[in-house]
6 protein chains.
Amino acid sequence: MIKIAAVQAAPAFLDRDATIERACERIAEAGRAGAKLVVFPESFVPGYPDWVWVVPAGRGAILRDLYARLLANSVTIPSDTTRRLGEAARDAGTIVAIGVTERNDEASGTTMYNTLLYIDEHGEVIGRHRKLVPTGGERLVWAQGDASGLRVHDTSAGRIGGLICWENYMPLARYALYAGGIRIYLAPTWDHGDGWLATLRHIAREGRVFVVGCSMALRFDQLPPELEFAKLYPSSREWVNPGGSAIVDPTGAIVAGPIEGREEILYAEADLDAASGANWDLDTAGHYARPDIFALHIDRGQHRLIDGN
Amino acid sequence: MIKIAAVQAAPAFLDRDATIERACERIAEAGRAGAKLVVFPESFVPGYPDWVWVVPAGRGAILRDLYARLLANSVTIPSDTTRRLGEAARDAGTIVAIGVTERNDEASGTTMYNTLLYIDEHGEVIGRHRKLVPTGGERLVWAQGDASGLRVHDTSAGRIGGLICWENYMPLARYALYAGGIRIYLAPTWDHGDGWLATLRHIAREGRVFVVGCSMALRFDQLPPELEFAKLYPSSREWVNPGGSAIVDPTGAIVAGPIEGREEILYAEADLDAASGANWDLDTAGHYARPDIFALHIDRGQHRLIDGN
Amino acid sequence: MIKIAAVQAAPAFLDRDATIERACERIAEAGRAGAKLVVFPESFVPGYPDWVWVVPAGRGAILRDLYARLLANSVTIPSDTTRRLGEAARDAGTIVAIGVTERNDEASGTTMYNTLLYIDEHGEVIGRHRKLVPTGGERLVWAQGDASGLRVHDTSAGRIGGLICWENYMPLARYALYAGGIRIYLAPTWDHGDGWLATLRHIAREGRVFVVGCSMALRFDQLPPELEFAKLYPSSREWVNPGGSAIVDPTGAIVAGPIEGREEILYAEADLDAASGANWDLDTAGHYARPDIFALHIDRGQHRLIDGN
Amino acid sequence: MIKIAAVQAAPAFLDRDATIERACERIAEAGRAGAKLVVFPESFVPGYPDWVWVVPAGRGAILRDLYARLLANSVTIPSDTTRRLGEAARDAGTIVAIGVTERNDEASGTTMYNTLLYIDEHGEVIGRHRKLVPTGGERLVWAQGDASGLRVHDTSAGRIGGLICWENYMPLARYALYAGGIRIYLAPTWDHGDGWLATLRHIAREGRVFVVGCSMALRFDQLPPELEFAKLYPSSREWVNPGGSAIVDPTGAIVAGPIEGREEILYAEADLDAASGANWDLDTAGHYARPDIFALHIDRGQHRLIDGN
Amino acid sequence: MIKIAAVQAAPAFLDRDATIERACERIAEAGRAGAKLVVFPESFVPGYPDWVWVVPAGRGAILRDLYARLLANSVTIPSDTTRRLGEAARDAGTIVAIGVTERNDEASGTTMYNTLLYIDEHGEVIGRHRKLVPTGGERLVWAQGDASGLRVHDTSAGRIGGLICWENYMPLARYALYAGGIRIYLAPTWDHGDGWLATLRHIAREGRVFVVGCSMALRFDQLPPELEFAKLYPSSREWVNPGGSAIVDPTGAIVAGPIEGREEILYAEADLDAASGANWDLDTAGHYARPDIFALHIDRGQHRLIDGN
Amino acid sequence: MIKIAAVQAAPAFLDRDATIERACERIAEAGRAGAKLVVFPESFVPGYPDWVWVVPAGRGAILRDLYARLLANSVTIPSDTTRRLGEAARDAGTIVAIGVTERNDEASGTTMYNTLLYIDEHGEVIGRHRKLVPTGGERLVWAQGDASGLRVHDTSAGRIGGLICWENYMPLARYALYAGGIRIYLAPTWDHGDGWLATLRHIAREGRVFVVGCSMALRFDQLPPELEFAKLYPSSREWVNPGGSAIVDPTGAIVAGPIEGREEILYAEADLDAASGANWDLDTAGHYARPDIFALHIDRGQHRLIDGN
């Protein structure tokens, strides 16, 4: 029996170091509550760049300024930032999976990825998945990741992995995780609501897995006042995003949440052993797979711009 | 704008010819209502062999008898049965997609498949898909199909195709349809309820397609009285299966149904041109596909037992 | 000595067939003037989707509607549309290179590419290059192409090829063309102005090639009145895009244009034999290349979603 | 905010020690003005061997004599000469990048390279790049360098690197620098004028970098009178080279210069943080790179004639 | 006993097809005289670009014009030109080794190499060696070859190979040929005189090989009158190059020539079997080699600019 | 400007101490004449064992006797013999390079090497090169040396080094010296005549070095009368070896000698600075080297029979 925590919280928007501070507090809190796996939303550090949906692409001056600010507050892996998260994970004795905007330290240094970062209970970085396809407006700030991090991690809390937001609509990417033996499936996101819940439940059934949907709760009054793009939203809205986190069990039943309109840590207990019984009549990447018909090739190589000494 | 009909009805259980009669009446009715695509449930002809879920596999005598009876009422393609369905389709001016238990005319002649049969508005058989993996108890009567029929059909009602019941939990099979440019996705089934609806909605969102869930409504008093297996159900139940058909649009919204506990033809209008706009931010087998990472090989060859002259 | 024509013109915005009509007239006119190569701007058919720069990504209803409309007026290769262009090219006795928004006929059918289409003077399609990376807001309508069309074509007008708009800032893509022996380099675009001209001149010098910059001239009063997005521009602007086409010779000298603020066919004579003399002191993909140090691997395979029979 | 200085000056032609004296004075002057990076032209020490463009290759006696003289005044790294430059850099508290004609101390000792030497503000040599391909007549005095020095240096003034004169027309070499995360791109040269300026501006846009073009200003009356080759120029010319230095920002705008016809130190302020915002819509070695298609192999090994103990 | 012919002749300067005509006549003549190996001078087709030694590199207009003219008359391998030489070789029953200016058909198409082309007595191209390092002024027209053609060819006339002009001062390149078992060493050249003869004799002794020095005899009145560069020579000179061909035996003795100041075919008989006796006291790449001390690595790979499909 | 002396003289045959006496006298004489480098022939101490060429190998008794006598008069390094040479060098203020037959003091003590010994103007031994491959009959007395002494020595007379007699036909050994930056190349020898002179001239051109060929002049009447092997020569010969020393400059021109038939000290002036100009068009181990293709590994380790403590 594993206790899972989904942290629905607000970052210190576009302030990496202050956001890390908040993350560490939440990790400690969840650790005290007995959680062995703590999940944070998509791009929790340093916040989801929601301006991509309200600032037209032609407004270059605004976009350049925000891009530079996001870049300055993005996360390099490894770095002092990941070290601090590692210490918090180690102190709390829990695995942490957290969405960050990552900087491509390996090449130009000015491109960013929407990354899900995994740190184990010893404080070590054990994996990093860069979102394969940013959605719609997101393409204005994030690049496409490669599949080098599309892996299931065998941890003390079971075999975990995940996809970010609408990546969860990529059947082949999900299949890669099922074929990796995933048991707890993480879905950090900015999405919420009815349709998204249907997807979380479908994935739980399709993969016979626990699904942890974790979304950010962020109010407009939590944005730094100098950010002009906030004026582009309807003034009647209170929430930039209301959250909507939920945890679903392998039968498709919602076992925690959904919660909207508040910051809160959602908890659920996962009995991984019992859950495997659900595979008797469906095992998508097992007896139900038809490998004589379907063969999926995945290039998990790291895309390197330059090779050489 | 295409009018779609999902026929939630009861077959004349284990009586092929009488069931065909009912089917033809429903086709005519839907045709009069303007439908250009009429969908029937999984194994409508000659009924879903639900005994596989209540007769223990060790009860050979009962199973042998029912197997023989099902075989005698199963459908060979082509045959007089398909000819009759073709005439009804032609007369009604509609495409018909209907679930049948199909007999393996090409080899032993004593194996059956759970097949989705396509007939166009000219009365011609345009396709046949044999369910790839029967689920749980179903494996006691149906064999595994090959992928020779896993195709999208370009019809006067748009590009249609489908998977049967829990095949819809096979991500690679669905992907094959998305990559075929499917617009109206058929999901004939025996399943129903909350979890299944979540899946229909997820598929609609994932594929940006109209999804037609079509299930059989069958009461115990509609079973031939001589069938002993009916006594194995709890006596309080009225419905062998209550139905649960529903039609979902490409945004994941339910636009017809779900209906349970009655026979009825469900109708919905599909505006395929407008629907394509929903692909701007997600096109699973298009701009969202990452073919540089994922390459799916599908063997769509017909599995032939003997090859040679 | 080859006469080159760059057509700076306005399409019939979002009306494929009417735009093709205009293209054919321009081809005929240029042919009468003796042109052996006629170049059209980026996405001339059915017009450049400039709304991506003014409609925020969050305005889903507007974007969906425009996406569906663009898709309905996009170009499949081959199709009746390409056949008509082919006839015009044959009748005029000229090669045609024209920017089109192409539909991915090979898979979902709902994804579009920013494509440069090549038709020879016999009316045959000889090549198609899909823009590798759409820029900024363009990512909201166009997908990323593969490199299967990144080729130099050996034609009766010399070795031609091209990159689209800001692809011209991809050094490795340009190098692929230089290494293919390109002599006339096409740069259809939506860009214009001082900085862009510097790039055209640099490319001419870097590659010792003729560079044909060809941009669209489009006034607001040429947009269909029902298109709401036009209201998002400052009302003082007359031109959606003023053009800015220019032709540069291998020394970097501008030999025709730049022209802005009018529709016009720009002509220039290219003496390819004499031009090769400029390679004596620079041949980027020849004696100046240092292949002992730099080896570029290009995957020119077609990205196929599904492989199989 | 970094202050950059480009020194457009004349060397004491073919007199290494006197030229170093002048360089040190200029370094001190720029340091007093607050510069943190001081750039000198191509082969500033001991002057650009312009005779290669006016003396025919068949005039062996003249060429041998000039070759011996250049060799005797060339720079070995490290040596007393580099030590003196280091002291000047340290005293002025600035990084120095200076073009020198370098002697191949590691082998025959009689071959020379066109080298860009980097010294940091502590006076240490941090890098050396030997021009990969001398251009045209330059091949009569300089050998081809290897890529062991083709690196970006992470300094207190940001990530700097550079290419020499027409190396800047090598797309793959530039790409190596972009992929190294370069922010300030140095282009010491002997070239000048319109076409060259277009190239500086293109590079700034392509790489989203500050570009420092730095050229030598040298009058005929500054050549030692005994050098006979000076008589081979038209007598009407006052300048062997008029200079033409300029500094361009990452948008392609010229922010200092170009200056011709005088010696002068050009200054510009570079705000590297703000500049990264320009990468939002173009990051050549980042989100715009397509590493799935293009993979560049660079051999950065040092070319050694003999290996062994 | 093999009869070797060294053709000291003048090309039809910068006229490829006419030069090929002359070459074919000479091949026929030598064949009639019983030669089994016919050697032509360096860049016989379409003539040695001697202007590189008299036109200063700064005279761009003249050099560009000559470069374009040379390029237009250079030789692609294979091509119609090599086919014609092949027919001549076959008809004469002799092997032909001929210097040509080759065009880099595999990449930019505008770079040239100084190539030694081998054709066997069946008319087939059996090898091609591109000069590794052009000398001095030659660097203004020819690029550096790779070592893919640095091979010894086992022919009916014995094991032959060669180096071009001052490549013969590259000890490691010569060693590559000795180690390949060369018996007849070809040295097509533009050089002549005392010093060059010493080198031919030294090579014969060092390698215990027959050395065929073959140089071009070309008078000024044989240059096309429109070539302006001819005026740059002293008017008293009659010969652009007087020839100087000679054949040396493995003891270092000159057995034919040297001849200067006339066109002529030089003949010598080579007794390869007898010659091998000279190896008893010296076998440079045999018992005299000391492989425990010296290990030479040669990269004979073809330098390819782009690798991929 | 350096004055070089080549001592063509006769040793006191097979009498080490008396030969040393003569050597010291010659060193003093040359020093008085201003020489800064004095070169002696191959195996000057205690004379070249020419009997290897006239006594058949089967005549064991004679050979044993001569071997023992040679061994007794051979030179150990260091020893009293080298000390005496050092004092002479120091007194004369000159560098000395002298051929000696060296005894293997480090192992059995009964093997001999053909060694070139270097002593500087302070009287110190600065180097020793043991001939790598004795030629033909020489293999009957001398062993093969290792490459631990195959070095260029940076002296007050410039960078000097050398190879012994037919080692000069080893291209890789010469290359090792060129790559060491050699300026004055010593070739002590027993050879002479036309062919050998061609080799000296070739080396000078190939390496752009001064070459000092130094041979022994020895008459039969200078042999000790008791040596029987002298009777095996034709009686008409006066000279065992007539000498043939010569000095060649870097252009290949003979600037002193050749002299035959007498003892004499040959002098030449070497202007090393001016000579480097000749490298402008050829630098074998510099710009002409192609290190991307050729990489020579040399094992310069000392060959030790036993390794261990």
Side-chain angles (χ1 to χ4, degrees), chain B residues 146-152 154 158-161 171-185 205-209 249-252 271-304, chain C residues 14 49 51-52 55-74 76 101-115 130-134 137-148 229 298-309:
Chain B
D146 61 33
S148 60
L150 183 63
R151 304 239 173 236
V152 173
D154 199 357
R159 298 180 69 84
I160 64 172
L172 305 188
R174 293 203 308 277
Y175 191 79
L177 298 182
Y178 303 150
I182 192 170
R183 294 290 176 276
I184 305 177
Y185 181 113
R205 286 165 63 93
E206 181 178 79
R208 295 310 200 222
V209 289
D249 79 8
T251 70
D271 182 345
L272 298 181
D273 286 339
S276 70
N279 289 103
W280 87 270
D281 56 0
L282 182 70
D283 192 7
T284 298
H287 60 74
Y288 222 99
R290 295 301 305 268
D292 55 323
I293 289 176
F294 301 108
L296 178 59
H297 179 87
I298 300 181
D299 179 357
R300 284 203 182 91
Q302 194 172 351
H303 283 177
R304 304 180 61 186
Chain C
L14 286 187
W51 63 80
V52 300
V55 179
R59 302 292 295 278
I62 298 177
L63 288 170
R64 268 193 296 278
D65 181 56
L66 288 163
Y67 191 84
R69 194 157 169 171
L70 181 61
L71 191 66
N73 283 278
S74 60
T76 295
T101 286
E102 183 196 356
R103 188 171 184 158
N104 71 331
D105 197 46
E106 74 278 11
S108 68
T110 46
T111 276
M112 291 177 281
Y113 295 97
N114 182 339
T115 293
R130 291 170 165 180
K131 193 177 182 181
L132 297 172
V133 184
E138 296 175 0
R139 298 176 186 188
L140 304 183
V141 293
W142 288 316
Q144 295 190 340
D146 60 35
S148 60
F229 80 84
I298 300 181
D299 179 357
R300 283 205 182 91
Q302 193 172 350
H303 282 173
R304 303 181 61 186
L305 301 188
I306 291 180
D307 176 29
N309 42 10

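Note on naming: letters A, B, ... go to the chains in the order of the sequence lines (proteins, then strands), and numbering restarts at 1 for each one.
Between the NE2 atom of C/H303 and the CZ atom of B/R290 there is a distance of 9.5 Å, given to the nearest 0.5 Å. For the atom pair NE2 of B/H287 and CH2 of C/W142, the computed distance is 13.5 Å after rounding to the nearest 0.5 Å. Distance CG/B/D283 to CG/C/N104: 6.5 Å, rounded to 0.5 Å.
The contact list for residues 60-68 of chain C toward chain B, using heavy atoms and a distance under 4.5 Å, reads C/G60, C/L63, C/R64, C/Y67, C/A68 by residue number.
Side-chain contact between C/T110 and B/R183: present, with at least one pair of heavy atoms (C-beta onward) separated by less than 4.5 Å.
Put simply, of C/A72, C/A107, C/A143, the one with the most heavy-atom pairs under 4.5 Å next to chain B is C/A107.
In this structure, B/A179 and C/L305 approach most closely via the heavy-atom pair CB-CD1, 4.4 Å.
Residue contact with chain C, scored on non-hydrogen atoms closer than 4.5 Å, involves the backbone and the side chain of B/A278 alike. For B/D273, the part lying under 4.5 angstrom from a heavy atom of chain C is the backbone only. Neither the backbone nor the side chain of B/Y288 comes within contact range of chain C; no heavy atoms are under 4.5 Å apart.
Legend: residues meeting side chain to side chain contact (heavy atoms under 4.5 Å, CB included) with C/L140, ordered by chain and number and at least two apart, are B/W280, C/V52, C/A57.
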